[in-house]
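Everything numeric in this text was worked out from a predicted model, so none of it was measured. The basis for the numbers below is simple: all heavy atoms, side chains too, and nothing from hydrogens, waters or symmetry mates.
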Amino acid sequence: MQEAVNSALPGDVIIVKPGSYYDHVTVTTNNLVIRSESGNPEDTVIEGYNPTADVFTIEADNITLEGFTIMGAGANCSGLCLHGCTNCLIDSNTFFNDFRGIYLKSSLNNDILNNIVIKGGRGISIEESNHNSVSKNKVSECGYGINLLNSKDNRISKNTVAGNKDYGILVQSSDSNTFSRNNASENGRGIHIGNSDGNTLSNNKISLNEVHGLFVCPKSDKNLVYNNYFSNTLNVEANNGTSNVYHKSKTKGENIVGGPYIGGNYWATPEGSGFSETAADNNGDGIADEKYLFETSDYFDPLPLIAHKPPEPVLPTANLSINTPKDYAPLSVQFTDLSENATSRTWDFENDGVIDSPDEMPVYTYPSPGTYTVNLTAACENGTDTKLITINVGENNVAEIQPESAPGEESMSTTGSQAEQNSEQEGISSIPGFEMLYGIFCLLAIFLYKESTK
C-alpha cells in the first residue's frame with residue numbers, strides 16, 4: 001500500500017482490493033481518497049508488523065480514509081494518527097486492538113464518522129486539536145472511550161461509548177466543546193470533566209456507569225449541563241467550581257424523556273427510585289415541583305425533568321338527529337350533526353361511497369321509495385368515528401273517498417260498476433218523449449208538496 005500512496009498525485013483515488021496487508025502507511029500528499037474496494041472493513045485489513053509504530057499516519061490535508069480494519073498498534077502508538085491535518089474524513093473503519101484507535105494531534109476541521117473502535121487503550125483521542133467533529137462512532141472495551149486533551153470547540157455527538165474500563169468520555173483541560181446525543185453507558189465513569197471550562201452537555205444518555213455518571217472537578221467553571229438522562233447509582237459528583245449550570249431556562253419543546261418542556265435533567269437510578277422517578281408534578285408540565293439538590297455540592301437542578309405521560313388522545317364520537325315531517329316519497333330529511341370532539345364531518349346519504357355534504361345541518365331529498373343507509377363520519381386530528389342509520393321511504397297511497405248523502409236523502413244503491421250505472425242512465429234518457437214526461441212528473445211533485453203543506 002505504501003508504494004501506491006507514494007506514487008499517487010493530488011486528486012487520485014486509491015482503491016484497495018480485499019485482503020490482509022502487513023504494512024505501515026504514511027500519507028503526505030494532499031487531496032487523496034483511499035478506500036477499500038468492497039467498502040467492508042472485515043475483508044480489507046491493514047495490520048502493522050511493528051507494534052512500536054503507528055499503523056496508518058496522515059500528515060496531509062483533504063484525505064479520505066474509508067472501509068478498512070486497522071490493527072496492531074502497540075503501546076503509545078495508534079492505529080490511525082492524524083498529525084497536523086485539516087479537512088480529512090475518516091469514515092466507516094474498524095480499529096481493533098490498538099493502544100490508541102484514532103489519534104488527532106494538532107489537527108483542525110476533520111470529520112471522524114461512523115467508525116468502530118474496540119479493545120484498545122484509548123479509543124478516540126483528540127489532543128491540541130480544535131473544530132473537529134466526532135460523530136456516530138462506537139467505542140467499547142477500551143480503557144478510555146473518547147478523550148479530549150487541551151482541545152477546543154470540538155463537536156462530540158451521537159457516539160456510543162459503552163463498556164469501557166475507566167471512562168466513557170474524558171475531558172481534560174479542554175474548553176468550549178459540545179457533547180450531545182451521546183450514549184455513555186456501563187463504563188467505569190460516564191463523563192468526566194477535569195479542569196475544563198465552558199463546555200456544553202445536552203441530550204446525552206448517561207446510564208449504568210460504575211463509579212458515577214458525571215464528574216465535574218472544582219477547577220471546572222461555566223459548564224452547562226441540561227436535558228440529559230442520568231440513571232446511575234451516583235448520577236453526579238459536581239464539585240463547587242464557579243458558575244456551572246445544571247439547567248436551561250424552561251423552554252417549550254420535547255425533552256429527552258418526551259415531556260413538553262426543556263429545563264433541567266432527568267435524574268433516575270437503576271433501581272427506579274431516582275428523584276425524577278418519584279417527584280411530584282402537579283401541573284403536568286413534565287418538570288418536578290421541587291428542585292433537585294446534589295448530594296456532593298452546593299449545586300442543584302431547579303427544573304428537574306420527570307417521566308412524562310402524554311394525555312390520551314381525544315377521539316370524536318359521531319352522532320346525529322333527523323327531522324322528517326312525512327315518511328313517503330319524495331322525502332326531504334333535515335339532518336343535524338350532534339358529534340362530540342369533532343372538527344369536521346362528511347355525510348354520505350345513500351352510503352354509496354360518494355360524499356354528499358360537509359355541512360352541520362344539511363337537507364337531503366329521497367325521490368323514490370326504498371330503504372336507505374346514511375353514513376356520518378366525524379373527524380378530528382386524532383381520528384375518525386362513523387355513525388350509520390337507516391331511513392325508510394314509503395309510497396304515497398291516497399285512498400278514494402265517496403261523498404256522503406245529503407241530510408234527508410236516501411242513499412242510492414251503488415251496486416254494479418259506475419260504468420254500468422252511467423250506461424243505464426244514458427239508455428233511459430234516450431227514450432222518445434222522456435224530457436216531456438220528466439217535466440210533467442216534476443210539476444206534479446211540486447203541486448202535491450204544496451197541497452200537503454196547507
Side-chain donor/acceptor of T251 to backbone N/O of S249, under 3.5 Å:
yes
Can you name the nearest heavy-atom pair linking V117 to G101, along with the distance?
CG1-CA, 4.1 Å
For a 4.5 angstrom cut-off between non-hydrogen side-chain atoms, does I116 reach N137?
no
Taking atom types as modelled and ignoring hydrogens, do the side chains of Y21 and E47 form a donor-acceptor contact shorter than 3.5 angstrom?
no
Closest non-hydrogen atom pair, A342 against A378
CB-CB, 3.8 Å
So for atom NZ, which belongs to K136, do other residues, nucleotides or ligands contribute more than 12 heavy atoms lying within a distance under 6.0 Å?
no
Is the backbone N or O of K222 less than 3.5 Å from a side-chain atom of S243, with the two atoms forming a donor-acceptor pair by type?
no
Check against ring pair (Phe, Tyr, Trp, His ring centres under 6.0 Å), Y167 and Y144:
CA-CA 5 Å; Y167 300 94; Y144 299 0; 5.1 Å; yes
Y246: which residues meet the ring-ring contact (aromatic ring centres under 6.0 Å, His included) condition with it, sequence neighbours left out?
F294, Y299
For the residue pair Y49 and H24, establish whether any side-chain heavy-atom pair is separated by less than 4.5 Å.
yes
Backbone N/O of S78 and side chain of D54: donor-acceptor pair under 3.5 Å:
yes
Is there a side-chain hydrogen bond (donor to acceptor under 3.5 Å, both in side chains) between S332 and T365 once you walk through the steps?
CA-CA 4 Å; S332 292; T365 300; 2.8 Å; yes
Output yes when a side-chain donor or acceptor of T64 lies under 3.5 Å from a complementary backbone atom of I34, and no otherwise.
no
Could you measure the distance from the CD1 atom of I287 to the CG atom of D281? Nearest 0.5 Å is fine.
7.5 Å
For a quick test of reading the model, state the closest non-hydrogen atom pair linking N223 to D197 and the distance between them.
OD1-C, 3.6 Å
All ring-ring contact (aromatic ring centres under 6.0 Å, His included) counterparts of H83, not counting sequence neighbours
none
When you measure from the side chain of T242 to the backbone N and O of D221, does any donor-acceptor pair fall under 3.5 Å?
no
Keeping the roles fixed (side chain from T324, backbone from V333), state whether a donor-acceptor pair exists under 3.5 Å.
no
Basic-acidic side-chain contact under 4.0 Å: E210, R189:
no
Nearest heavy atoms of T94 and P41, plus distance in Å:
OG1-CB, 3.8 Å
Evaluate the criterion side-chain hydrogen bond (donor to acceptor under 3.5 Å, both in side chains) for residue pair N147 and Q172; output intermediate values, then yes/no.
CA-CA 8 Å; N147 176 210; Q172 300 173 284; 3.2 Å; yes
A side-chain contact here means heavy atoms from C-beta on lying under 4.5 Å apart; do E128 and L149 qualify?
no
If you apply the rule side-chain contact (heavy atoms from CB on, under 4.5 Å), what do you find for N183 with I206, and how did you get there?
CA-CA 6 Å; N183 183 350; I206 306 166; over 6 Å; no
First locate atom CD1 of I191, then atom NE2 of H212, and finally report the distance between them rounded to the nearest 0.5 Å.
10.0 Å
Kindly check if the number of other-residue, nucleotide or ligand heavy atoms within 6.0 Å of CD (E290) is above 12?
no
So which of D356, T377, T384, T386 actually passes side chain to side chain contact (heavy atoms under 4.5 Å, CB included) with T346?
T377
Carefully, step by step, assess K119 and D98 under the rule salt bridge (Lys or Arg N to Asp or Glu O under 4.0 Å).
CA-CA 7 Å; K119 288 188 176 180; D98 300 304; over 6 Å; no
ring-ring contact (aromatic ring centres under 6.0 Å, His included) involving Y366 - partner list, sequence neighbours excluded:
Y364, Y372
Can you list the steps and then say if Y226 with H247 is a ring pair (Phe, Tyr, Trp, His ring centres under 6.0 Å)?
CA-CA 5 Å; Y226 73 95; H247 75 285; 9.3 Å; no
Heavy-atom check, side chain of V55 versus side chain of L80, under 4.5 Å:
no
Could you go through W267 and D301, starting from their C-alpha distance and side-chain angles, then the distance that decides it, and tell me whether this counts as side-chain hydrogen bond (donor to acceptor under 3.5 Å, both in side chains)?
CA-CA 10 Å; W267 306 100; D301 181 351; 2.8 Å; yes
Which one of T178, L148, I124 satisfies the side chain to side chain contact (heavy atoms under 4.5 Å, CB included) criterion with I156?
L148
Output yes when a side-chain donor or acceptor of N232 lies under 3.5 Å from a complementary backbone atom of L208, and no otherwise.
yes
Enter the distance from S321:OG to L338:CG here, rounded to the nearest 0.5 Å.
4.5 Å
If you count every heavy atom of other residues, nucleotides or ligands that lies below 6.0 Å from K152 atom NZ, does the total exceed 12?
no
Where does the angle between the aromatic ring planes of F56 and F68 fall among parallel (under 30°), tilted (30 to 60°) and perpendicular (over 60°)?
tilted
Measuring from atom CZ of R100 to atom SG of C81, what distance do you get when rounded to the nearest 0.5 angstrom?
7.0 Å
Heavy-atom distance under 4.5 Å between the side chains of I389 and T373, does that happen here?
no
Separation between CZ (R35) and CG (D91), nearest 0.5 Å, reads 9.5 Å
Among N203, N255, N204, N265, find the residue that satisfies the side-chain hydrogen bond (donor to acceptor under 3.5 Å, both in side chains) test when tested with N227.
N203
Looking only at heavy atoms, the pair that brings G79 and I70 closest together is O-CG2, 3.2 Å
Going from OG1 on T336 to CG on L320, what distance comes out if it is rounded to the nearest 0.5 angstrom?
8.5 Å
Around E271, counting heavy atoms of other residues, nucleotides and ligands shown, do more than 12 lie under 6.0 Å from its CD?
yes
Taking every heavy atom of N154 against every heavy atom of N132, the minimum-distance pair comes out as OD1-N, 2.8 Å
Going by heavy atoms in the side chains, are S339 and T317 under 4.5 Å from each other?
no
Check whether any side-chain heavy atom of N392 lies under 4.5 Å from a side-chain heavy atom of T390, and answer yes or no.
yes
Polar side chain donor-acceptor pair, N130 to D153, under 3.5 angstrom
no
Side chains of N209 and L214: closer than 4.5 Å at any heavy-atom pair?
no
Is the side chain of N6 donor-acceptor paired with the backbone N or O of Q2 at a distance under 3.5 Å, no angle test?
yes
More than 12 heavy atoms of other residues, nucleotides or ligands under 6.0 Å from NZ of K219: yes or no?
no
Please report the C-alpha distance between N199 and N177 in whole Å, then the side-chain angles of each, then the deciding distance to 0.1 Å, and finally whether the side-chain hydrogen bond (donor to acceptor under 3.5 Å, both in side chains) criterion is met.
CA-CA 5 Å; N199 297 285; N177 301 283; 3.2 Å; yes
Keeping the roles fixed (side chain from S7, backbone from E3), state whether a donor-acceptor pair exists under 3.5 Å.
yes
I'd like to know if the side chain of D61 reaches the main chain of N30, judged simply by a donor and an acceptor atom lying under 3.5 Å from each other, with no hydrogens or angles considered.
no
